[in-house]
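See structure below.
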Amino acid sequence: MKIVYKTPVVEMQGDEMTRILWDWIKDILIEPYVELNTEFYDLGIDNREKTADKVTTDAAEAIKKYGVGVKCATITPNAQRVEEYGLSKMWLSPNGTIRAALDGTVFRTPIMVRGITPYIPSWTSPITIARHAYGDIYKNSEIRVDGAAQCSLSVKYADGRTENKSIVDLDGAGILQGVHNKDASIYSFARSCFNYALDVRQDVWFGTKDTISKTYDHRFKDIFRDVFDGEYKGKFEKAGIRYEYSLIDDSVARVIRSNGGFIWALKNYDGDVMSDMVATAYGSLAMMTSVLVSPDGNYEYEAAHGTVTRHYYRHLKGETTSTNPVATIFAWTGALNRRGETENNKALSEYAANMENACKATIERGVMTGDLVPMFKRDGIIAKSVSTREFLKEISATYENM
């Protein structure tokens with residue numbers, strides 16, 4: 001008998017090879033065991049074009065309504081993608097739109113398995129990236145300046161006051177970028193990081209460049225310190241964990257020398273870059289969990305990697321690919337586990353945990369996609385590269401035999 005649950009999970013299908021993986025994962029690993037109850041949104045680039053991207057904002061509102069969402073990787077179009085797909089404009093990043101709507105923090109943690117040693121051998125425990133998910137360059141304004149110009153920041157307050165600050169006097173063509181953030185969102189970011197740290201009993205490291213960005217980055221530093229001292233210092237002391245701030249330059253050096261096992265809190269762009277670095281150093285971008293947690297308790301699970309375009313075009317030619325589906329599987333299991341927790345549905349949460357263990361166990365016995373084979377080293381076991389569908393069927397067989 002299939003496992004059932006009451007409240008829908010918001011399902012957001014995406015683009016290219018990950019769109020193909022999405023259906024295979026459901027067919028092979030989920031629907032034989034779980035009676036899926038989802039509210040479906042097609043976030044594929046064609047449907048975003050068709051709906052003028054309204055489908056993305058609708059999906060974000062649905063996550064607010066139902067509390068749990070699971071998202072496939074999606075295309076964020078550049079000029080080349082606009083031409084390739086015949087788009088009317090460069091639509092915004094769906095991730096950016098959803099993150100702004102939920103005002104959450106993205107927590108990304110490597111999936112560690114026996115046999116795959118991180119490129120940095122001292123990293124014996126996972127490093128969780130806590131990425132602020134609002135503002136910065138993802139909500140920026142940009143201007144291409146085509147000649148000599150005086151450039152400035154201008155603020156007009158609601159009460160009529162104005163404030164202006166010179167940026168630069170350009171003596172020729174150039175580019176300008178304006179970014180912003182909100183105190184309320186930074187406060188939410190800090191509290192999310194500290195709450196998560198208490199849940200997992202891990203230290204929090206936070207780094208910015210406040211010596212250079214004496215207003216913007218310094219505001220992050222000040223808010224984190226205010227929130228920690230005012231609300232969390234005693235809780236951290238009781239839990240035996242610490243909060244530390246350092247310049248991001250120093251943070252990077254300390255992270256490389258560390259053994260892992262902590263939460264690294266970073267601004268939006270910093271978190272984007274460093275989560276890819278951490279995931280790759282632990283083995284693969286496809287071996288990382290990613291969950292957006294909003295201040296009011298909404299959760300959105302996703303794969304932290306892209307749409308795997310190269311494999312998609314091989315798939316369209318009828319070729320067999322060995323695309324790693326683990327991050328997408330864990331997005332689904334994360335969402336279903338969360339729904340199980342919200343409904344006190346022990347069977348659903350146990351299914352999610354067991355399916356994750358089946359993924360790891362399959363790799364640990366030497367069966368995996370091609371990206372992991374060069375990294376796999378385990379005494380007495382020779383790594384075997386299989387196609388994506390074969391890998392999913394192997395995971396299913398492992399699950400059945402647990």
Side-chain angles (χ1 to χ4, degrees), residues 5 7-27 30-31 36-106 131 133-135 137-140 185 268 272 290-294 296-309 312 315-316 325 327-332 334-336 338-339:
Y5 57 95
T7 310
V9 168
V10 179
E11 176 186 353
M12 296 160 281
Q13 193 165 15
D15 289 297
E16 298 188 323
M17 198 63 209
T18 47
R19 186 180 183 92
I20 306 301
L21 297 182
W22 196 260
D23 289 334
W24 290 351
I25 290 166
K26 287 169 61 178
D27 290 345
I30 302 175
E31 291 179 326
L36 275 181
N37 176 15
T38 70
E39 181 160 310
F40 180 81
Y41 293 85
D42 184 355
L43 298 192
I45 190 65
D46 291 333
N47 197 45
R48 280 183 275 147
E49 170 72 17
K50 180 180 178 181
T51 64
D53 209 29
K54 185 175 183 296
V55 64
T56 306
T57 56
D58 288 347
E61 291 304 311
I63 296 171
K64 292 180 182 179
K65 178 179 179 181
Y66 294 112
V68 180
V70 57
K71 180 183 170 295
C72 182
T74 46
I75 291 169
T76 298
N78 55 17
Q80 182 266 324
R81 293 294 211 172
V82 168
E83 181 178 352
E84 179 182 358
Y85 283 93
L87 306 178
S88 59
K89 63 182 291 186
M90 289 187 206
W91 299 107
L92 297 174
S93 160
N95 289 340
T97 298
I98 293 169
R99 290 166 188 164
L102 298 181
D103 188 24
T105 299
V106 178
R131 173 187 171 190
Y134 178 82
I137 65 171
Y138 304 88
K139 296 287 286 184
N140 71 357
S185 183
N268 205 342
D272 191 359
S290 181
V291 57
L292 174 71
V293 182
S294 75
D296 46 359
N298 298 311
Y299 286 67
E300 184 238 9
Y301 297 82
E302 63 180 0
H305 57 71
T307 57
V308 202
T309 305
Y312 177 62
H315 172 79
L316 291 180
T328 305
I329 295 169
F330 274 59
W332 269 108
L336 293 173
R338 178 62 185 170
R339 178 54 74 224

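- Here Cys72 contributes atom SG and Leu21 contributes atom CG; the two are 7.5 Å apart, rounded to the nearest 0.5 Å.
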**Request:** Show your working on salt bridge (Lys or Arg N to Asp or Glu O under 4.0 Å) between Glu302 and Arg99 and close with a plain yes or no.
**Result:** CA-CA 12 Å; Glu302 63 180 0; Arg99 290 166 188 164; 2.8 Å; yes
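- Between Asp272 and Tyr138, the closest side-chain pair of non-hydrogen atoms falls below 4.5 Å.
- When the options Asn47, Asp23, Asp42, Thr38 are evaluated for a side-chain hydrogen bond (donor to acceptor under 3.5 Å, both in side chains) with Gln13, the one that passes is Asp23.
- Shown here for Leu292 and Ala133, the closest heavy-atom pair between the two residues is CD1-CB, 3.7 Å.
- The environment of Lys26 atom NZ is dense: over 12 non-hydrogen atoms of other residues, nucleotides or ligands sit within 6.0 angstrom.
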**Request:** Mind running side-chain contact (heavy atoms from CB on, under 4.5 Å) on Met17 and Thr309 for me, showing each step along the way?
**Result:** CA-CA 6 Å; Met17 198 63 209; Thr309 305; over 6 Å; no
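- When all heavy atoms are compared, the tightest approach of Ala303 to Ala331 is N-CB, 4.1 Å.
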**Asked** Are Leu36 and Leu336 close enough, and set up right, to give a side-chain contact (heavy atoms from CB on, under 4.5 Å), and what steps lead you there?
**Response** CA-CA 9 Å; Leu36 275 181; Leu336 293 173; 4.3 Å; yes
**Request:** Assess whether side chain to side chain donor-acceptor pair (under 3.5 Å) is satisfied between Ser93 and Asn95, documenting all intermediate values.
**Result:** CA-CA 5 Å; Ser93 160; Asn95 289 340; 4.8 Å; no
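- If you take OG on Ser185 and CG on Asp103, they are separated by 3.5 Å, rounding to the nearest 0.5 Å.
- Distance CH2/Trp91 to CD1/Ile45: 9.0 Å, rounded to 0.5 Å.
- By the 6.0 Å contact criterion, CD on Glu83 is open, its count of non-hydrogen atoms from other residues, nucleotides or ligands being 12 or less.
- Using modelled atom types, one side-chain atom of Asp15 and one backbone atom of Ile75 make a donor-acceptor pair closer than 3.5 Å.
- For the pair Lys64/Leu102, a side-chain contact is recorded, criterion being any heavy-atom separation below 4.5 Å from C-beta on.
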**Request:** Please assess Tyr312 against Thr307 for the test side-chain contact (heavy atoms from CB on, under 4.5 Å), listing each intermediate value before the final yes or no.
**Result:** CA-CA 8 Å; Tyr312 177 62; Thr307 57; over 6 Å; no
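- Residue Val9 comes nearest to Val70 through the heavy atom pair CG1-CG1, 3.9 Å, listed as atom of the first residue, atom of the second, then distance.
- A 4.5 Å side-chain heavy-atom check between Asn298 and Val68 finds every atom pair outside the cut-off.
- Salt bridge present: Asp58 and Lys54 bring a charged side-chain N and a carboxylate O closer than 4.0 Å.
- In this structure, Thr7 and Arg339 have side chains that are in contact, with non-hydrogen atoms separated by less than 4.5 Å.
- By the 4.0 Å N-to-carboxylate-O rule, Arg19 lies too far from Glu16 to be salt-bridged with it.
- Counted by atom type alone, Lys139 and Asn268 present zero donor-acceptor pairs between their side chains at under 3.5 Å.
- Closest of all the heavy-atom pairs between Ala101 and Ala60 is CB-CB, 3.7 Å.
- Annotation: side chain of His305 is in contact with side chain of Thr328 (closest heavy-atom distance under 4.5 Å).
- Remark: of the listed residues Tyr41, Trp22, Trp332, Trp22 is the sole one forming a side-chain hydrogen bond (donor to acceptor under 3.5 Å, both in side chains) with Glu11.
- Proximity of Leu87 to Arg48: side-chain heavy atoms (C-beta onward) are nowhere separated by under 4.5 Å.
- Val106 and Ser290 get closest at one heavy-atom pair: CG1-OG, 3.5 Å.
- Closest approach of Thr74 and Leu43 over heavy atoms only: CG2-O, 3.6 Å.
- The closest side-chain heavy-atom distance from Val291 to Val293 is below 4.5 Å.
- Between Tyr301 and Arg338, some side-chain heavy-atom pair lies under the 4.5 Å cut-off.
- At least one donor-acceptor pair under 3.5 Å links the side chain of Glu49 to the backbone N or O of Ser88.
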**Message:** Before you tell me yes or no, could you show the steps for Thr56 and Glu61 under side-chain contact (heavy atoms from CB on, under 4.5 Å), namely the whole-Å CA-CA distance, both residues' side-chain angles and the distance that decides it to 0.1 Å?
**Reply:** CA-CA 9 Å; Thr56 306; Glu61 291 304 311; over 6 Å; no
